[in-house]
S.K.: 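Quick one: the structure is below, and I'll ask about it shortly.
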Amino acid sequence: MEQVHPQRKWQDYFSFSTDHKVIGVQYLVTAFFFYFVGGALAEAMRVELSTPDPDFVQPEFYNQLMTMHGSIMLFLWILPAGAAFANYLIPLMIGAEDMAFPRLNAVAFWIIPPGGIFFLSSFFVGAPQAGWTSYPPLSLVSGQWGEEIWILSVLLLGTSSILGAINFVTTILRMRIPDMDIHSMPLFCWSMLATSALILLGTPVLAAALILLSFDLIAGTAFFNPAGGGDPIVYQHMFWFYSHPAVYIMVLPFFGVISEVLPVHARKPIFGYRAIAYSSLAISFLGLIVWAHHMFTSGTPGWLRMFFMATTMIIAVPTGIKVFSWCATLWGGKLNLNSALLFGIGFLSSFLIGGLSGVMVASVPFDIHVHDTYFVVAHFHYVLFGGAVFGLFAAVYHWFPKMSGKMVNETLGRIHFVMTFIGFNLTFLPMHPLGLQGMNRRIALYDPKFQALNELVSIGSYLLALSTFPFIINIVWSVFKGKPAPRNPWRALTLEWQTASPPIIENFEEEPVLWAGPYDYGIDTESIDGDEEVEDMLAEVAGNT
Amino acid sequence: MQSSAVNESQLVIDSHQESGHHGHPDHRMFGVILFLIADSMTFIGFFAAFLIYRAIMPEWPPEGTPELELLVPIINTSILVTSSFVMHKGQVALKNNDIQGLQKWFAITAAMGVAFLAGQGYEYFHAEMGLTTNLFSSCFFAVTGFHGLHVTVGVLLILSVLWRSRTEGHYSSTSHFGVEAAEIYWHFVDVIWLILFVLVYLL
Ligand code: HEM
Ligand SMILES: [Cu+2]
């Protein structure tokens, strides 16, 4: 075989490469590393919580586990994992040869590994204990160095995220192939546009809050310290101005993923393209004006609580539009129940529960009852794990053939799904009744009457831990021994499938052609020039490697 | 295939390096503007905190806060505002391919930036309060300090433009991203100062 293209070397993945595909893989592998770290910390918590007494770890150490678990899962797992797919897919989906600013892109990635290691190093000086929210005054009195490391790491990771967002927006808005107008670009790009807007508008406000918190911690000011005349509520407002949007920053990319995965494996056009696209923007906008729903019990005045309750409930509308559109996409489709679609459907059902419990805690009287209980822990794991993580696995299974050039083993993939789905629900479903009955979050001890359900939860979490093994085995085995993947194993229409698997370094041999809309699946749709039916054309190209 | 294909794909890879050369559209200004939007949110965060304190504290500034001296900050404000115009003349000069003009006006701008920082240093030194005196003084130093940091970065940007402009042909009437980026950043810092001045000194 002649080599007409420069070849990818494995060393590229350990270098300061400016190729978005390499960077995407680097992000993904790094994120998975931290997922396993964060997961191990969670398992340690669950071992401790299988009995009401602090017999496995000291309560202080439990606080550290809890804080580190939450922060790692958010800042070092879900955020970089979303960025991983954005990096890998955006240029391919819009027919560009790279991101707008490749070097900036590499810088954004290379902030993460040192930032993450620095963060983990806080265990040596006493890790932070104040939870991922770091509320003062608690964060000011629970160990200075651990807390300062937390602040600096989050500032670093936030910077990386801003640099990434600048790249995403510029690339999506300025680098599409000429044929692709904004309404024929894949929905994943829409969702990344909405995500990046939130990153750009929200993260800097968190940075401002953390800079002030750092002054309080190190320099003896009292911005947030009531003892010195400051006000901790101001921190809460600034923190949540970022951190509510942050939950959308974490889940919107996977909304995008689901919009890509469902139509392909159901062989149907996406239901309501514009509705899904615009609802991402609506979520983004509304997401900026709901933050104080986290502060219903912080002495927020009644009229303000009413305002935030109303806006929060309104945000359920665009979210509901998406859920209905996805269900309608599946409805009557020819479902190919492979691992990717299974995780997609798993996403739908779990996220739905998380969304509904979200509407429940949005209502002030209910929230006052369950605030800081395990009901809230259940709610956000249904959104973050049931939503983001399930979406992420759907993405991994869907794009693995493209990224690696190999097919995964479907049997192992399905085993992975079943174990994850059962383990997930066993772990987090019982947390709802626990919370309703008043079990507090963020504490190593609890009333013995909660023990039975907690044992169940812990067993579920062990099953979750086990469920990663079929996944890891599958991925490692497939990378080395998997069946070679053709260009377009799923007969998909988005442009990343028009190039080789894995794509050549410059992405496309020649500028890709849009011969159908991104979701024109189904028997009778005609291609853009009306020559032939889309499915027939796809069947023709499907065999080509 | 023949070797021309190799060269071609090599070319594609080379042009991967950002920049407006090789006939690729230049997106860098767009990126700078996105960055400035993000950066402005940091200031909005600080300003919002400041306004909230002002609204909720029973007394603002808290009792015993010394009166802020206005003379130096007013001089500083006029220096900064004027410098924006001076800098713009530099950019216009470049558009007319007048590199010397660019260098002259940018050097003056940098000097004005340094003068601003010196004025701020003087003010810090003579303020009858410290970072931890009370909530107002903490806000004062945090906000002006963060802005001062931006002025410092701006001066460094201008100096690096001056440094690069010594290379023949680095900047020209058609290639001027660095000059424009430094300028828009400087205007941004200027506008932030005006808001800050009203909030902290006048209100
Ligand atoms: C491996 C499965 C997981 C288990 C068994 C697990 C378990 C837990 C438990 C028991 C807590 C509550 C600690 C407490 O309040 O005392 C917790 C908190 C938390 N978890 Fe997880 N979790 C898992 C996965 C995840 C994932 C995937 C994410 C995010 C993507 C996540 C994000 C969080 C966050 C943000 C907190 C809040 C920490 C805080 O209160 O500051 N978790 N987790
Ligand atoms: Cu929220």
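None of the values given here were measured: they were computed from a predicted structure. To find a chain, count down the sequence lines: A is the first, B the second, and so on, and within it residues start at 1.
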S.K.: Pick one of side chain, backbone, both or neither for Ile211(A), based on which atoms fall under 4.5 Å of a heavy atom in chain B.
M.R.: side chain
S.K.: Are any non-hydrogen side-chain atoms of Lys21(A) and Arg8(A) less than 4.5 angstrom apart?
M.R.: yes
S.K.: Find the one option among Tyr235(A), Phe223(A), Phe241(A) whose heavy-atom pairs under 4.5 Å with chain B are most numerous.
M.R.: Phe223(A)
S.K.: Among Leu212(A), Leu206(A), Ile162(A), which residue has the highest count of heavy-atom pairs closer than 4.5 Å to chain B?
M.R.: Leu212(A)
S.K.: Under a 4.5 Å heavy-atom cut-off, does chain A meet the side chain of Ile44(B), its backbone, both or neither?
M.R.: neither
S.K.: Could you tell me which portion of Phe141(B) (side chain, backbone, both or neither) has an atom closer than 4.5 angstrom to a non-hydrogen atom of chain A?
M.R.: neither
S.K.: Under a 4.5 Å heavy-atom cut-off, does chain A meet the side chain of Phe146(B), its backbone, both or neither?
M.R.: side chain
S.K.: Can you tell which part of Ala219(A) gets under 4.5 Å to a heavy atom of chain B, answering side chain, backbone, both or neither?
M.R.: both
S.K.: Does the structure place the NZ or CZ of Arg166(B) under 6.0 Å from the centre of the six-membered ring of Trp163(B), at an angle of no more than 45° from the ring's axis?
M.R.: yes
S.K.: Using the benzene-type ring in the case of Trp, are the ring centres of Phe50(B) and Trp60(B) under 6.0 Å apart?
M.R.: yes
S.K.: Under a 4.5 Å heavy-atom cutoff, which of Ser138(B), Ser137(B), Gly45(B) has the most pairs with chain A?
M.R.: Ser138(B)
S.K.: Please identify, among Ile233(A), Val205(A), Ile166(A), the residue contributing the most non-hydrogen atom pairs under 4.5 Å to chain B.
M.R.: Ile166(A)
S.K.: Does His147(B) reach the main-chain N or O of Leu196(B) with its side chain, forming a donor-acceptor pair under 3.5 Å?
M.R.: no
S.K.: Sort Ile33(B) into side chain, backbone, both or neither according to what part of it lies under 4.5 angstrom from a heavy atom of chain A.
M.R.: neither
S.K.: Is the Lys NZ or Arg CZ of Arg174(A) less than 6.0 Å from the centre of Phe30(B)'s six-membered ring, within 45° of the axis?
M.R.: yes
S.K.: With a 4.5 angstrom heavy-atom cut-off, which part of Phe168(A) approaches chain B: side chain, backbone, both or neither?
M.R.: neither
S.K.: How many angstroms lie between OG in Ser160(A) and CG in Leu79(A), if you round to the nearest 0.5 Å?
M.R.: 8.5 Å
S.K.: Are the ring centres of Phe43(B) and His150(B) closer than 6.0 Å?
M.R.: yes
S.K.: So, applying ring-ring contact (aromatic ring centres under 6.0 Å, His included) with Phe116(B), which one of Tyr122(B), Trp186(B), Phe197(B), Trp193(B) is it?
M.R.: Trp193(B)
